[in-house]
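As a basis for the values below, the full set of heavy atoms in this structure was taken, side chains included, without hydrogen atoms, waters or symmetry mates. The first residue in the sequence is number 1, and the count goes up from there.
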Amino acid sequence: MVQQVLINDDDYYVPDANQLVTENDTLDNFATSKQKRLLIGSLYSSLQNQTFLAEANVGIYYTDLQPPIVPDVFLSLDVQVPQNWWEKQNRCYMVWRFGKPPEVVLEIVSNKEGDELEKKLRIYEHMRASYYIVYDPNQQLAEKILHVYELRGTRYFETSETWLEQVGLGITLWEGKFEDRQDTWLRWCYQDGTVLLTGDERAEQERQRAEQAEQRTQILAERLRAMGIDPETL
């Protein structure tokens, strides 16, 4: 039998969490990690008939003169991972091999050290990604939670438009539960505002439809019996 050891705060040193590194460009916190899964997973479960590549924390080489930049999430249309993805040149997104930059790059702000509105913006602008999105749920950089930049010519311009015309998708803030966590989430959506469903949401939707169909069948059968008709004979 395993005996649980209880920690007594009086004789156990507890470090100050404010002095610990809980997230940086390579280290995710719980909220950011879950948010990325939602954004990536809903694309692959909802756009099954489209060719695209969407990933989180995968490096993008936009020039051989600079190290890669690693967006929290990116979406690139009409491309796919090469068959032999273990080959060195196929392990990350090299713009010159895919022939184009991603259409959408997205950063989730977890602290003030990422320089999302300055250095990273200039890099993605130079890369010529069509849209750059900065999601700042705790408003650490500004009062706005969501910053959307659209490439016009060679420059980014901030826009209040959340419908990304060039990719045929939008983004929206959504209140609800994902992976058993109730919160505000950033989600992809269609033009009417309907969010792209995750695999679990799609399965639940199908379960509810089947349940409703069964209920309708039972009601119809009861009405037929009330009329003296055996539904089993029909």
Closest heavy-atom pair and its distance - [X], [Y]:
| X | Y | value |
| --- | --- | --- |
| K112 | Q140 | CE-O, 3.2 Å |
| Y190 | W163 | C-CZ3, 3.5 Å |
| E107 | P71 | OE2-CA, 3.3 Å |
| E116 | Y132 | O-OH, 2.7 Å |
| T184 | Y135 | O-OH, 3.7 Å |
| R128 | G153 | NH2-O, 2.9 Å |

Checking the side chain of [X] only, and the main-chain atoms of [Y] only, is there a donor and an acceptor separated by less than 3.5 Å?
| X | Y | value |
| --- | --- | --- |
| D192 | T194 | yes |
| N90 | P82 | no |
| T172 | W174 | no |
| S45 | S42 | yes |

Looking at [Y] and [X], is there a salt bridge between them, counting it only when a charged N and a carboxylate O are closer than 4.0 Å?
| X | Y | value |
| --- | --- | --- |
| K100 | E103 | yes |
| E206 | R209 | yes |
| E158 | K144 | yes |
| E201 | R187 | yes |

Should [X] and [Y] count as side-chain neighbours, where that means a heavy-atom distance under 4.5 Å?
| X | Y | value |
| --- | --- | --- |
| I60 | V70 | no |
| L53 | Q80 | no |
| V104 | I133 | yes |
| K34 | F178 | yes |

Using only heavy-atom distances, determine whether the side chains of [X] and [Y] contain a donor-acceptor pair under 3.5 Å.
| X | Y | value |
| --- | --- | --- |
| T198 | R37 | no |
| Q208 | E204 | yes |
| E222 | Q218 | no |
| Q139 | D136 | no |

Is [Y] reachable from [X] through a run of hydrophobic residues whose side-chain heavy atoms are each under 4.5 Å from the next?
| X | Y | answer |
| --- | --- | --- |
| V105 | L141 | yes |
| V79 | W85 | yes |
| Y61 | Y124 | no |
| I108 | L173 | yes |
| V195 | V148 | no |

Roughly how far, to the nearest 0.5 Å, is the [atom2] atom of [Y] from the [atom1] atom of [X]?
| X | Y | atom1 | atom2 | value |
| --- | --- | --- | --- | --- |
| L75 | L169 | CG | CG | 7.0 Å |
| E55 | L43 | CD | CG | 10.5 Å |
| M127 | L151 | CE | CG | 11.5 Å |
| D200 | R207 | CG | CZ | 12.5 Å |
| L186 | L106 | CG | CG | 6.0 Å |
| R122 | D115 | CZ | CG | 6.5 Å |

Verdict with supporting geometry, Y62 and M94, side-chain contact (heavy atoms from CB on, under 4.5 Å): CA-CA 6 Å; Y62 57 99; M94 299 182 184; over 6 Å; no

From CA spacing to verdict: side-chain contact (heavy atoms from CB on, under 4.5 Å), Q35, W185: CA-CA 7 Å; Q35 175 67 79; W185 304 96; 3.8 Å; yes

Centroid-centroid distance, F74 to Y93, less than 6.0 Å: yes

Test of ring centre spacing under 6.0 Å for Y44 and F52: yes

Trace of the side-chain contact (heavy atoms from CB on, under 4.5 Å) decision for Y149 with E125: CA-CA 9 Å; Y149 296 89; E125 183 180 67; over 6 Å; no

Worked check of salt bridge (charged side-chain N to carboxylate O under 4.0 Å, His left out) between E214 and R216: CA-CA 5 Å; E214 178 63 24; R216 289 193 295 268; over 6 Å; no

Residue pair L146, V134: steps toward the side-chain contact (heavy atoms from CB on, under 4.5 Å) verdict: CA-CA 6 Å; L146 199 58; V134 178; over 6 Å; no

R155 atom CZ: more than 12 heavy-atom contacts under 6.0 Å: no

Over 12 foreign heavy atoms within 6.0 Å of CZ, R91: yes

